[in-house]
Amino acid sequence: MFSWVKQEQGGRNKEGEMYQTVTEGLQSLYSKKLLPLEETYLFHDFHSPALEPADFQSKPMVLLVGQYSTGKTTFIRYLLEQDFPGMRIGPEPTTDGFIAVMHGETEGVIPGNALVVDPNKPFRKLNAFGNAFLNRLICSQMPNQVLQSISIIDTPGILSGEKQRLSRGYDFSEVLRWFGERVDRIILLFDAHKLDISDEFSEAIKAFRGQDDKIRVVLNKADQVDTQQLMRVYGALMWSLGKVINTPEVARVYLGSFWAKPLQNSENRRLFEAETQDLFRDIQGLPRNAALRKLNDLIKRARLAKVHAYIISHLKKEMPSLFGREKKKEELIMRLPEIYTILQREHHISPGDFPNVTKMQHNADIKLDGGPAGPNWAGPPNPRVPTSSGPPVGPQGGPGE
């Protein structure tokens, strides 16, 4: 009975594996197929740390980003319909760190340094950002019906000015990029009275490049203006976003007042109620689509890993074995845009699959000779030769097709 489960076409049993869930299958595929390729070609040093079991098994996450006093923490309270441990609300910048609001049997707060060593939480790789960041990271746990399906990440209010950016003590944009790659939804909150996008907020939005399908925009406190002013505010917001979010599609903007108090201006009540329901339906759909989102993100990661392997393989093939390594390395890094074009034509790769050339040049300058592989790294295995550390590699030392 159920013999068809283990049968491939033609009656062959390839590996005899059956997975109970999609995420379990994705986790197995990643560890057996993609992870060896990433380790062979130093993918984790150039792009993103390795995925862990908790990254596949975690609940869908929603990331809230916005300038100070736009209502991020109040929005979370509105979703949960109760206060959460560590919550502070006020007109001044009150949330000075990252708060991961998650489900737990009892209420409590887990400090950042303890959080990143918990193998059951998807935050272990945040350890790389150091103590300055971990001291501003906590996990707020509580029993709540909403949190049984999703987790919510509250972020510090974004300020304007160089002084505030430098005083954080960690790379704020890189932390947001890390979260952006792993969350299911990114919500950008704006206040109807504060539509200006500061330099740091602009950098934060740019950190989500490549995650455009996850972004939603919320214009909060929209009940504090009348209909005519609301039209002007909406137009100004779209104009500001158009200068930062470089996509041909128009970003979805939800209007409303996301707190429990009565509306100050009720002439747009029906509009606000409809917008609120649309946003809540979008969030409610995240658990249903979590497996598809994980599959989509893993495919994107696999495409990037494959292109990265072609790039590293080409660079290592061109590097001399003994003399003139430093000079040749500088030449290859300068020629990286040209190498992109060569690889694109040779392997039929879409230009959109290549990583940012400026960032790749910077990382290559540091990692090729100074990374963990060291100056004597022999490069990837020979073409089409299966190795114990990974799958067969493709033409000219590139990854297998």
Side-chain angles (χ1 to χ4, degrees), residues 33-51 125 128-129 171 173-174 177-178 180-181 203 206-207 209-211 246 298-401:
K33 305 294 184 182
L34 188 55
L35 182 58
L37 181 74
E38 293 180 353
E39 291 174 341
T40 301
Y41 291 91
L42 307 179
F43 180 87
H44 306 142
D45 296 324
F46 282 79
H47 300 287
S48 180
L51 299 179
K125 297 300 181 180
F129 293 103
D171 194 330
S173 295
E174 281 300 315
R177 181 176 289 108
W178 187 95
E181 292 174 352
E203 290 179 13
K206 290 176 182 176
R209 189 159 292 164
Q211 314 295 337
N246 298 318
L298 190 62
I299 292 173
K300 286 198 294 186
R301 186 182 181 97
R303 293 171 72 93
L304 178 60
K306 181 179 179 180
V307 172
H308 172 81
Y310 279 129
I311 295 170
I312 296 299
S313 178
H314 184 92
L315 293 177
K316 285 296 180 181
K317 185 181 69 174
E318 297 291 327
M319 289 283 284
S321 57
L322 291 176
F323 303 108
R325 290 178 59 87
E326 190 64 31
K327 184 176 180 181
K328 185 64 175 179
K329 184 186 77 170
E330 293 176 3
E331 177 191 336
L332 289 172
I333 291 174
M334 291 297 295
R335 289 181 51 233
L336 200 55
E338 179 187 338
I339 292 172
Y340 276 21
T341 305
I342 295 171
L343 295 175
Q344 177 186 338
R345 185 170 56 250
E346 183 178 345
H347 301 289
H348 309 289
I349 303 170
S350 169
D353 288 347
F354 284 88
N356 180 275
V357 66
T358 304
K359 183 179 177 182
M360 192 69 183
Q361 286 173 322
H362 172 72
N363 288 337
D365 187 36
I366 298 173
K367 307 291 185 183
L368 280 182
D369 275 345
N376 297 319
W377 184 55
N382 292 326
R384 297 295 179 190
V385 177
T387 66
S388 58
S389 61
V393 291
Q396 288 83 40
E401 299 293 340

- Query: Centroid-to-centroid, Phe43 to His308, below 6.0 Å?
  - Reply: yes
- Item | Side chain proximity check, Tyr41 to Ile311, heavy atoms < 4.5 angstrom | no
- Item | Over all atoms of both residues, closest heavy-atom pair of Phe46 and Lys359 | O-CE, 4.3 Å
- Task: Hey, could you give me the CG/NE2 distance between Asn363 and His47, rounded to the nearest 0.5 Å?
- Result: 7.5 Å
- Residues Ile312 and Met360: closest non-hydrogen pair is CD1-CE, 4.2 Å
- Message: Tell me the closest heavy-atom pair linking Ser173 and Ala207, and the distance in Å.
- Response: O-CB, 3.5 Å
- Item | Interatomic distance, Leu315 atom CG to Glu318 atom CD [nearest 0.5 angstrom] | 8.5 Å
- Item | Gap between atom CG of Leu51 and atom CG of Leu35 - 0.5 Å precision | 8.5 Å
- Note on the structure: Of all heavy-atom pairs linking Thr358 and Asn356, the shortest is N-OD1, 3.1 Å
- Query: Run the salt bridge (charged side-chain N to carboxylate O under 4.0 Å, His left out) check on Glu203 and Lys206 step by step: do they pass?
  - Reply: CA-CA 5 Å; Glu203 290 179 13; Lys206 290 176 182 176; over 6 Å; no
- Which pair of heavy atoms, one from Pro337 and one from Gln361, lies closest together, and at what distance? CD-NE2, 3.7 Å
- Query: Out of curiosity, Leu332 CG to Lys327 NZ, how far, rounded to the nearest 0.5 Å?
  - Reply: 12.5 Å
- Please examine the side chains of Ser48 and Leu304, heavy atoms only from C-beta on, and report whether any two atoms are closer than 4.5 Å. no
- Salt-bridge contact Glu174-Arg177 (side-chain N to carboxylate O under 4.0 Å): yes
- Task: Calculate, to the nearest 0.5 Å, the distance between atoms CG and NZ belonging to Leu34 and Lys306 respectively.
- Result: 12.0 Å
- Does Lys329 pair with Glu326 as a salt bridge, N-O distance under 4.0 Å? yes
- Measure the CZ-NE2 distance between Arg335 and His314 for me, rounded to the nearest 0.5 Å. 6.0 Å
- Message: Salt bridge check, Glu181 against Arg301: does any charged N sit closer than 4.0 Å to a carboxylate O?
- Response: no
- Message: Please give me the minimum heavy-atom distance between Leu343 and Ile349, naming the atom from each residue.
- Response: O-CD1, 4.0 Å
